[in-house]
Each structure stands twice: as C-alpha cells, then as structure tokens.
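Remarks on the structure that follows.
Proteins get letters first, then strands, A, B, ... in listed order; numbering begins at 1 in each.
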There are 2 protein chains.
Amino acid sequence: MVNYRDLELKPNVYAAICPSREVLALVGEKWVSLVIGALDGKTMRFGELRRICEGISQKMLTQTLRKLERDGLVSRTLYADVLPIKTEYRLTELGRSLLPIVQAAKLWAEENLHQIEENRVLYDKNNQ
Amino acid sequence: MVNYRDLELKPNVYAAICPSREVLALVGEKWVSLVIGALDGKTMRFGELRRICEGISQKMLTQTLRKLERDGLVSRTLYADVLPIKTEYRLTELGRSLLPIVQAAKLWAEENLHQIEENRVLYDKNNQ
DNA sequence: TAAACTAGATACCTAAAGGTAACTAGCATG
DNA sequence: CATGCTAGTTACCTTTAGGTATCTAGTTTA
C-alpha cells in the first residue's frame, strides 16, 4: 500500500492524483454533515441520531458512522455490560475541527436556498 | 411547480423534505469546489479552468459550469464577436459568498489528509 | 406470548454521478 | 493540407451512492 505521504508531495486538491480530493468530497456526502452537526457538543446514541437525521435509514446511518469512525472523526463507545446494549457516538478532536466548516456550509445552504431557487427559475425561463 | 418558500417554513437541513440538503450537497460534488476556488478573484476561460482542474473532462467541466450558472454562482460571458470565440467565467456575488467555505474545506482536506490516512490504517489493522 | 425497544448486518436493486470517445464548427498556424 | 486551438454537444457505458427489505440477537413491557 502506497501512502500519499511517501511521495513527499504537498497535498493539493487540484492535483489529479491527490487523495485530498476524496477528503473534500467527504463533506458533501449525503449524511456526513448532518451527523457531524448533530454531534456538536454532545454524545449521541444510534437511535437519537436516527431520529434527528430525518429520512436516514439504519443502513446509511451505520455506514456513515463507520466511515467517520474509520477516518477518526467520530469515536464509538459500546456499553455491552449495561443492558439494553448501548452505543455512544461523539466527535473526536479531528471531528470537532471540521465543525466550523460543516456549520458554515449548513448555514449557507439554509440562508441562500431561496435565492438559488429563484435563480434557477429565471435561468430556465431564459433558456427555454 | 411548488417552491419551498411557499410553504413558509424555515429551511433546515435536518428536515427530510428540505431542499437545502441539496444545496449542501453541492459543495461536495466532485468538481464544484475546485471550479469555485479557481475562480477566486479572477475571471477564467474554459480552457484555463480545464488545465487547472487536473483530470476534469470537457463534459464534466461544461456540466459543472452550467449548473453553477443556473444556480447563480457563476456568470458566463460569451465573446462571439472576437475570434477565436471566447468565454469568460467569473463568480457572482452569491458565488463569492461561498468562497470562504470552499477554501476552508479545501484547506482542511489538505491539512488533515495525512492524519486521516493514518487513522484508516490503524482502524483497518484493529478490525481485521 | 407477542410487540417493541436496543443496535446492527446483509442481500438486492435502482438511480444518478461520472467517465470515454466521437462529433460539430470556425479560425490559426506551419 | 493537416494539425491544433477555441468551446462545446451527444451517445454510450460503468461505477457507486443510496434505498428497501429482511435477518440476527438480546431485553423490556403489556
């Protein structure tokens, strides 16, 4: 397995082979921003996250959480001794460092949605 | 066509039916951040953008630019009188308002790539 | 005893994102 | 006369993201 670091190149999203592009794409995955935003400042259980992210399926929540755990953005603690079994998810330091970006993107989307919808109507009218 | 505005609801990315989710996903589309970042502070021609975004195909660049134009993030000026024909792309005010987020995400990806790669190796080692 | 909670795994399928390659069309360069 | 630049369009194909539905397994509640 070749690590990008071994090439001793500075990561650059514009470079065709740079894996930082994939990291950039992470933010845009359907449920990633919502899950990270939901974990802002608090630990959450699987079921809580599921209720908050309206429309997410069990499969996608598990998949999203595993991916974030693998990347080190989220940590998972399993309480198997206490029954019923309980898992707690929280942001790691790395995960928290992504919070400002996720929250800014979320806010931008909410604030500019109407303008964008109007732009689309106008564009479609002018281009048949 | 029903506009989300007509429902008089506050946009909220956590709501199942809110189109702001789609706007949030925009940032994560493969070429969107790269194109917007490339247009930071300068107008660019089609060919220049193509050279800067390494690996982008003509089709994807056209598609990405049209989408951004439709949403009102990028404006396109066609100089048909001057030959060879020339098009110029620049950010609109709305497009510029997205710059801080795009740049922050790009920087975060570049800065944290190595850490994430290490986390993955560690995770995979501990989970077979 | 049956339903509903906890937290998943897994198989299957579809829709969409994205890539490749070929085509247009006019002009410039060697 | 051929190659290459400008800026695209279009058809076709593959990959992957995401969704649905069903299964496990144990506990709690009515």
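Across the protein-nucleic acid pair, Leu61(A) atom CG and dG8(C) atom P stand 8 Å apart, rounded to whole Å. Taking atom CZ of Phe46(B) as the reference point, atom P of dA25(C) lies 18 Å away to the nearest angstrom. Per the geometry, CG belonging to Leu34(B) stands 14 Å off C1' belonging to dG18(C), to the nearest Å. Rounded to an integer number of Å, the gap from Leu26(A) CG to dG18(D) P is 11 Å. Taking atom CD of residue Glu69(B) and atom P of nucleotide dA7(D), one finds them 15 Å apart after rounding to whole Å. Between the CE atom of Met60(B) and the C1' atom of dT10(D) there is a distance of 15 Å, given to the nearest Å. Here dG19(C) presents its C1' atom at 10 Å from CH2 of Trp31(B), a figure rounded to the nearest Å. Atom-to-atom, CD of Gln63(B) to C1' of dA16(C) comes out at 11 Å; the value is rounded to the nearest Å.
Heavy atoms of Arg50(B) sit nowhere under 4.0 angstrom from any nucleic acid atom. Within 4.0 Å (heavy atoms only), Thr62(A) reaches sugar-phosphate atoms of the nucleic acid but no base atom.
Sequence order on DNA chain D of the closest nucleotides to Thr87(B) and Gly55(A) puts Thr87(B) first from the 5' end.
At dT6(C), one or more side-chain N or O atoms of Arg51(A) fall inside 4.0 Å of OP1 or OP2 (strictly under the cut-off). Within the structure, a side-chain polar atom (N or O) of Lys30(A) is placed less than 4.0 Å from OP1 or OP2 of dG19(D). OP1 or OP2 of dG18(C) has not a single side-chain nitrogen or oxygen of Arg21(A) nearer than 4.0 Å. The side chain of Tyr89(B) contributes no N or O atom lying less than 4.0 Å from OP1 or OP2 of dA7(D). In terms of phosphate contacts, Arg66(B) brings a side-chain nitrogen or oxygen within less than 4.0 Å of OP1 or OP2 of dG8(D). For dC5(C), the OP1/OP2 oxygens have no side-chain nitrogen or oxygen of Arg45(A) closer than 4.0 Å.
Side chain of Gln58(B), nearest nucleotide from dG18(C), dA7(C), dT9(D): dT9(D). Candidate nucleotides dG8(D), dT6(C), dT6(D) were compared by shortest atom distance to the side chain of Ile85(B), and dT6(D) ranks first.
Lys67(B) has a carboxylate O that lies under 4.0 Å from a charged side-chain N of Glu29(B), or vice versa, which qualifies the two as a salt bridge.
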Please walk me through it: do Asp40(A) and Ile36(A) pass side chain to side chain contact (heavy atoms under 4.5 Å, CB included)?
CA-CA 7 Å; Asp40(A) 184 5; Ile36(A) 289 180; over 6 Å; no

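Between the side chain of Lys59(B) and the base of dG19(C), at least one donor-acceptor pair of N or O atoms lies under 3.5 Å.
Nearest approach of Leu49(B) to Val35(B), heavy atoms of both residues: CD2-O, 4.5 Å. Considering every non-hydrogen atom in both Ala38(B) and Tyr14(A), the closest pair reads N-OH, 2.9 Å.
In summary, of the residues considered (Asn112(A), Leu113(A), Leu107(A)), a side chain to side chain contact (heavy atoms under 4.5 Å, CB included) with Ser20(B) occurs for Leu113(A) alone.
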